[in-house]
Engineer: 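Okay, handing you the structure first.
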Amino acid sequence: MTATASVARGADMQVQDHWQGRTRYTVFDSDYGDGAHVAALIAAWGADPQRPQYLHVVALATDLQPGFHRIPQPDAGVTLDLLAAPLDTALAELNAHLDLIRLHDATGSAFARPLARLTTLGARLAAPGLDDDQRAALTAQGFVFENPGHAVFASRKPRLPVTPQPVRHALVLGAGLAGCALAARLCARGWHVTLIERHPDVAMEASGNLAGIFMPLLSRDDNVPTRLTRAAYLYALRLWAQLGGVGQAFDGAACGVLQLARDADHAAVSRVIADEHTVPPDFARWLESADAEALLGLPAPDGGWLFPQGGWARPGSVCEALLASCGARLTRLFGAGDVTLEYEEETWLARAADGAVLAEAPTAVLASGAGARRMALAADLPLQALRGQVTHLAPGAAPQLPLVLCREAYLTPSAQGVLCAGATYDLDADPALRTSSQRENVTRLRALVSDPHAAEAAPLAGRVGFRCVAPDRLPLVGRLPDFAAAGSTERLRDVPRHPGLYGLLGYASRGLIWAPLAAELLAAQLEGEPLPLEMALVDALDPARFVLRARRGGRQPVNTAFDV
């Protein structure tokens, strides 16, 4: 056995003694490799009767798309995060409290300080092959070496704040995609969730459409919306597979999505992205006109992007599948009407319109979409309700497609015997179907399928919903800010927050894919777990970002990033 292998095996032999008596144990490995090492660790955890309740493994991987990837595991007590980033970048963007660290072939010594920031007192470091400069840098940060390849962290310098163990009971207001996803992710962690809905059933507002589309974004600069949507899309696909799969656990089809280029310039930008060969073909594939038309059976003059794993799903059925996974830890309070929240003695009280207390818990989450604007506690958040009318067409009124087709508009394959086309973006609050919106949808549909006679004489049929949208078109995930107490605050971490009050809001038109990852992020924040996103993205979603923007002149910039 080599000296390197001996040190690594020695660390493995000691880990079970190290994790005994702990509730949560977090391991960082700088080389996931083929996964065998991590699999062995998880197996050891599963076989140890004195194991911690939760094992969290964070590892660097090289064969994934850039960013953080949370990989759902069969056992709810195990979490695996794969980070596709260089070591220094990963450590800078990671929010975690590390108990065991494995370093392989690290270069330079710049990693020492960010690593120490994440390390808990008494954590162990297994790092064969360090040179003298690296050991000196780690020693300066508080690591005490027992031999050249093994150290214990002994520094008492302030590190990342530790989240106190929460009382695991939450009120969640809103049983659409946002609220149902959070209920599922909290119940999986042993929380009791009281889900409060003003309507008598799930998904009766923005999440009530017959078909929602799931697909990622692409952009030349890999901007924040692109990175967030990629992470959310991939996590949603993994979570849905764990639930039982699209079309099995819930209504829908992973039939693929073809996004046609808007024009020749858009196609040229797309070709540049395709020529860089950074996007895996099972994620997105650029099709020139002939290939797109052969797949579609319709004109595609400028080509388009094929997202093979994309498709459509009925959001209401996704909500039910998520709630079915909650088991007995979920309490449904549906048909509650308009509810208000009050904070008394470190407890949130949900009151009905007549003042009666419906439920109480130390944690409350607003996941009610545009309805959150009626809450005084969320009144200062710059949320807008955008009216969206979807047109329902009978088969034969428009082409029956093998996949979802989109550009400025979209058309789905048959969903419960209906083709869905749309949707409008209106600034009014009219809840009724109207002829002008029908004409708008039909006009865009005809351009999409290159047929001036599509949907002729179609009856006025469809659905109106109201999307909850923030000015920057990004969701709001996290603890809600207290605007009145903000004063001269200039940093996110210093913004005063309402105690125990959180938001999952602003999902716009991407609730299907944003909801699972946003719920996982908030659940991880509540538990003090390693977060499933880079800190740059976590900060971009923080509801308190609007406090800082208000202080900087009141302007709320709209995201105009050019995506494909």
Side-chain angles (χ1 to χ4, degrees), residues 70-72 76 79 168 170-197 199 201-209 212-214 228-229 231-246 249-252 313-327 329-332 334 363-372 467-468 474-478 502-527 529 531-533 537-538 541 543:
R70 178 147 293 182
I71 314 297
T79 304
R168 291 177 167 167
L171 307 179
V172 178
L173 275 62
L177 286 165
C180 292
L182 180 62
R185 300 319 303 147
L186 288 178
C187 288
R189 290 166 165 82
W191 283 60
H192 291 273
V193 174
T194 302
L195 182 61
I196 304 173
E197 170 56 52
H199 295 292
D201 205 351
V202 299
M204 295 192 71
E205 294 199 12
S207 299
N209 288 345
I213 299 172
F214 54 93
L228 171 65
T229 306
Y233 172 73
L234 293 172
Y235 179 74
L237 294 181
R238 295 174 186 128
L239 181 65
W240 294 343
Q242 189 178 55
L243 287 176
V246 181
F250 50 84
D251 300 335
R314 182 169 66 85
S317 67
V318 177
C319 290
E320 287 290 6
L322 290 165
L323 295 188
S325 72
C326 294
R329 294 190 178 99
L330 175 69
T331 299
R332 304 190 192 202
F334 289 5
T363 298
V365 183
L366 300 186
S368 48
R467 314 171 185 91
C468 182
L474 295 176
L476 284 67
V477 182
Y502 299 80
L504 288 173
L505 302 165
Y507 287 10
S509 299
R510 295 189 176 273
L512 264 178
I513 59 172
W514 279 352
L517 184 58
E520 180 70 5
L521 171 59
L522 182 52
Q525 290 174 330
L526 289 169
E527 283 281 283
E529 300 172 3
L531 301 185
L533 278 174
L537 295 182
V538 173
L541 305 184

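Here, residue 1 is the first one in the sequence, and each next residue gets the next number.
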Engineer: Without swapping roles, check the side chain of E197 against the backbone of G174 for a donor-acceptor pair under 3.5 Å.
Structural biologist: no
Engineer: So which atom in V172 and which in A367 form the shortest heavy-atom distance, rounded to 0.1 Å?
Structural biologist: CG1-CB, 4.2 Å
Engineer: side-chain hydrogen bond (donor to acceptor under 3.5 Å, both in side chains) with T194: which residues, sequence neighbours excluded?
Structural biologist: H169
Engineer: Go through it in stages, so that I can follow the logic: the residues are V477 and Y502, the test is side chain to side chain contact (heavy atoms under 4.5 Å, CB included), and I'd like the CA-CA distance, side-chain angles, deciding distance and then a yes or no.
Structural biologist: CA-CA 7 Å; V477 182; Y502 299 80; over 6 Å; no
Engineer: Please list every donor-acceptor pair under 3.5 Å in which a side-chain atom of residues 316-326 meets a protein atom from a residue at least two apart or in another chain.
Structural biologist:
from: S317; atom 1: OG; to: D251; atom 2: N; distance (Å): 3.0
from: S317; atom 1: OG; to: R314; atom 2: O; distance (Å): 2.7
from: S325; atom 1: OG; to: L322; atom 2: O; distance (Å): 2.6

Engineer: In chain order, what residues pass the side-chain contact (heavy atoms from CB on, under 4.5 Å) check against S207, with sequence neighbours excluded?
Structural biologist: L177, A203, P315
Engineer: Excluding sequence neighbours, so at least two apart, what forms ring pair (Phe, Tyr, Trp, His ring centres under 6.0 Å) with Y235?
Structural biologist: none
Engineer: Taking only residues two or more places apart in sequence, or in another chain, which ones meet R189 in a side-chain hydrogen bond (donor to acceptor under 3.5 Å, both in side chains)?
Structural biologist: E520, E529
Engineer: Run the side chain to side chain contact (heavy atoms under 4.5 Å, CB included) check on R332 and I196 step by step: do they pass?
Structural biologist: CA-CA 6 Å; R332 304 190 192 202; I196 304 173; over 6 Å; no
Engineer: State, to 0.1 Å, how close A232 and W514 come at their nearest heavy-atom pair, and which atoms those are.
Structural biologist: CB-CD1, 3.8 Å
Engineer: Could you check if a side-chain atom of L186 sits within less than 4.5 angstrom of a side-chain atom of E527, using non-hydrogen atoms only?
Structural biologist: no
Engineer: With a 4.5 Å limit on heavy-atom distance, are the side chains of L505 and P475 in contact?
Structural biologist: no
Engineer: Can you list the steps and then say if V365 with L171 is a side chain to side chain contact (heavy atoms under 4.5 Å, CB included)?
Structural biologist: CA-CA 6 Å; V365 183; L171 307 179; over 6 Å; no
Engineer: Could you go step by step and tell me if L474 and L541 meet the side chain to side chain contact (heavy atoms under 4.5 Å, CB included) rule?
Structural biologist: CA-CA 7 Å; L474 295 176; L541 305 184; 4.2 Å; yes
Engineer: Would you say F334 and V202 make side-chain contact, with heavy atoms under 4.5 Å?
Structural biologist: yes
Engineer: To check you understand the geometry: which heavy-atom pair defines the closest contact between G190 and R329, and what is its length?
Structural biologist: CA-NE, 3.5 Å
Engineer: What residues, two or more places apart in sequence or in another chain, satisfy side-chain hydrogen bond (donor to acceptor under 3.5 Å, both in side chains) together with R238?
Structural biologist: H69
Engineer: Is there a side-chain contact between I513 and T229 (heavy atoms, below 4.5 Å)?
Structural biologist: yes
Engineer: Sequence neighbours left out, what passes side-chain contact (heavy atoms from CB on, under 4.5 Å) with E205? Give chain and number order.
Structural biologist: R198, H199
Engineer: Would a 4.5 Å heavy-atom cut-off, applied to side chains only, mark L476 and L504 as touching?
Structural biologist: no
Engineer: Of the non-hydrogen atoms in G511 and P516, which two are nearest, and what is the gap between them?
Structural biologist: O-CD, 4.4 Å
Engineer: Is the shortest heavy-atom distance from the side chain of L195 to the side chain of T331 under 4.5 Å?
Structural biologist: no
Engineer: Can you give me the closest heavy-atom contact between Q525 and G478, atom names plus distance?
Structural biologist: OE1-CA, 3.8 Å
Engineer: Quick one: list whatever passes side-chain hydrogen bond (donor to acceptor under 3.5 Å, both in side chains) with W240, sequence neighbours left out.
Structural biologist: none
Engineer: With sequence neighbours left out, what residues match S509 under side-chain contact (heavy atoms from CB on, under 4.5 Å)?
Structural biologist: Y425, R467
Engineer: Could you tell me which residues satisfy ring pair (Phe, Tyr, Trp, His ring centres under 6.0 Å) with Y233, sequence neighbours excluded, listed by chain and number?
Structural biologist: F283
Engineer: If you compare all heavy atoms of L531 against all heavy atoms of R70, which two are closest, and at what distance to 0.1 Å?
Structural biologist: C-NH2, 3.7 Å
Engineer: With a 4.5 Å heavy-atom cut-off, do L533 and L228 have their side chains touching?
Structural biologist: yes
Engineer: Do T363 and L526 come close enough that some side-chain heavy atom pair is under 4.5 Å?
Structural biologist: yes
